[in-house]
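Read the structure below first, then the notes.
Everything numeric here is computed off the predicted structure, so don't read it as measured data. In what follows, chains are A, B, ... by sequence order, proteins preceding strands, each numbered from 1.
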Amino acid sequence: MNQLFFKNILIFSALAIGDIVFVNRLSLGTFIAPYIYHFFILQLPVRTSRYTVIMLGFLTGLFYDLIYNTGGAHAAAACFIAMLRIIVLPAFISVEDKDNNISPGIYTLGQGSFLFYAFILTLVHHIIFFNLEIFKISSIPLTLLKASLSSIFSVLLIYLLSLLFYRKKRK
Amino acid sequence: MQNLLKLLSKFGFVLLFILLEAVAFFLILRRSNYHLVVFTEGTSEITGNFFMLYSNTRDYFKLRAENELLAEENARLRAEVQYSKSRFYTTKAEGLNPIQAYKYIPCKVINNSTRYARNFFTIDAGKIHGIKPDMGVISPNGIAGVVRQVSNRFAVCISVLNTSFAVSVQLRKSKDYGSLEWDGVSPFYSTVKYIPTHVEIEPGDTLETSAYSSIFPEGIDVGVIESFTINPDDGYYIIKVRLTTHFTALRQVYAVDYLFRKEQDAIEDSIKNERQ
């Protein structure tokens, strides 16, 4: 329990530093604005209680709202994908995975399913966030394009980070 | 009753979800005071110090270009001294001497964004340097934003690249005025609305800040007309303007202190009731 707790604090801090210092400063044009912090919500262990997942989603978002001055847009988006995670995650894991309390990642879920899982949640997160940020109905087509392009980059970054920092577990 | 409790324990997390989403929306809707009052001082001080560290290490790599810009800026300011004094005069008995109306406080941008719909930047000067909310901020090339929140050593400013920013601008040629509002798309272009169509304009005309704003002095560069169309709904121009300030490389800026702000605000407030 304690080990899991510290591991997650470490992942949260590493993602915060990576997101604020590095990813947020990438200039990839007007339509590509990737984020990686929501990986924290994606990778929470599968047996984390539903209350905790939603609460952590909200608090993570709120933390980035305070840093990026975005009101509550990050909080709303992150809380929403926390809820979505509760709904979609059972489709990706087996009973055995649940017993082992795995953290969803490229090696635990398998590359294909993890990328699919990450892309769905990232896309929804970006669509909600960009729309709440600009808060204008007339720019929805534009934000949809921005969200799709950004999602591709975010998932790519998350994939690369997973390759770098996770090791394949021997069975 | 027992069934209700059972239901609650099973779907309580949905209620929690709805509650938290409501909180988030509440925070978005009161974005005009986007910092919670409690957090304002603390967070801007902490993030300010962090960005200060980051920008200090980055400074060295930009010194040369920065120096050139500074020299240019100094020259322009020297030429402008007369002009920034020219709006107010002492009594006639003293012989119509111009007195100083604007003071400039030099400061550096230590955090900046251009990729959001509502962009802000942080400057490294605050209360103790004389920065106050609603001061204009100009760069060597043109206007940059308006001070929003002030802590002791830092200030957060609304960038021109912010969809809720609007400022009164005028054509340098004819002095017809309109309103500069960003559409949230490109950091290089903005939009000017409400210039009537009987005014003759052409691409290449310069827009400057107007005399109607107590935030910026008159005549600061804003942008150059790129193209324009006529809005069929209200018959005003919609003008696409290339901004003169380079927001993707914003560094040296000056906060504008209008020394007669209090006096002007006081007399304008005194007739506010009559207007309604």
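- Neither the backbone nor the side chain of D65(A) comes within contact range of chain B; no heavy atom of the residue lies under 4.5 Å from a heavy atom of that chain.
- At a 4.5 Å heavy-atom cutoff, the contact between F25(B) and chain A is made by side-chain atoms alone.
- Between H74(A) and the choices F58(A), F63(A), Y35(A), the ring pair (Phe, Tyr, Trp, His ring centres under 6.0 Å) rule is met once, by Y35(A).
- Under the 6.0 Å cut-off for aromatic ring centres, H125(A) and F80(A) do not qualify, their centroids lying 6.0 Å or more apart.
- Between Y37(A) and L15(A), the closest heavy-atom pair is O-CD1, 3.9 Å.
- Between chain A and the options T163(B), L20(B), V23(B), T114(B), the largest number of non-hydrogen pairs under 4.5 Å is found for L20(B).
- Contacts of L28(A) with chain B are absent, with no heavy-atom separation under 4.5 Å from either backbone or side chain.
- Y117(A) and F92(A) have their aromatic ring centers within a separation under 6.0 angstrom.
- Taking both residues in full, the closest heavy atoms of A155(B) and I131(B) are given as CB-CG2, 4.0 Å, listed atom of the first, atom of the second, then distance.
- With a 4.5 Å cut-off on non-hydrogen atoms, I32(A) does not touch chain B at all.
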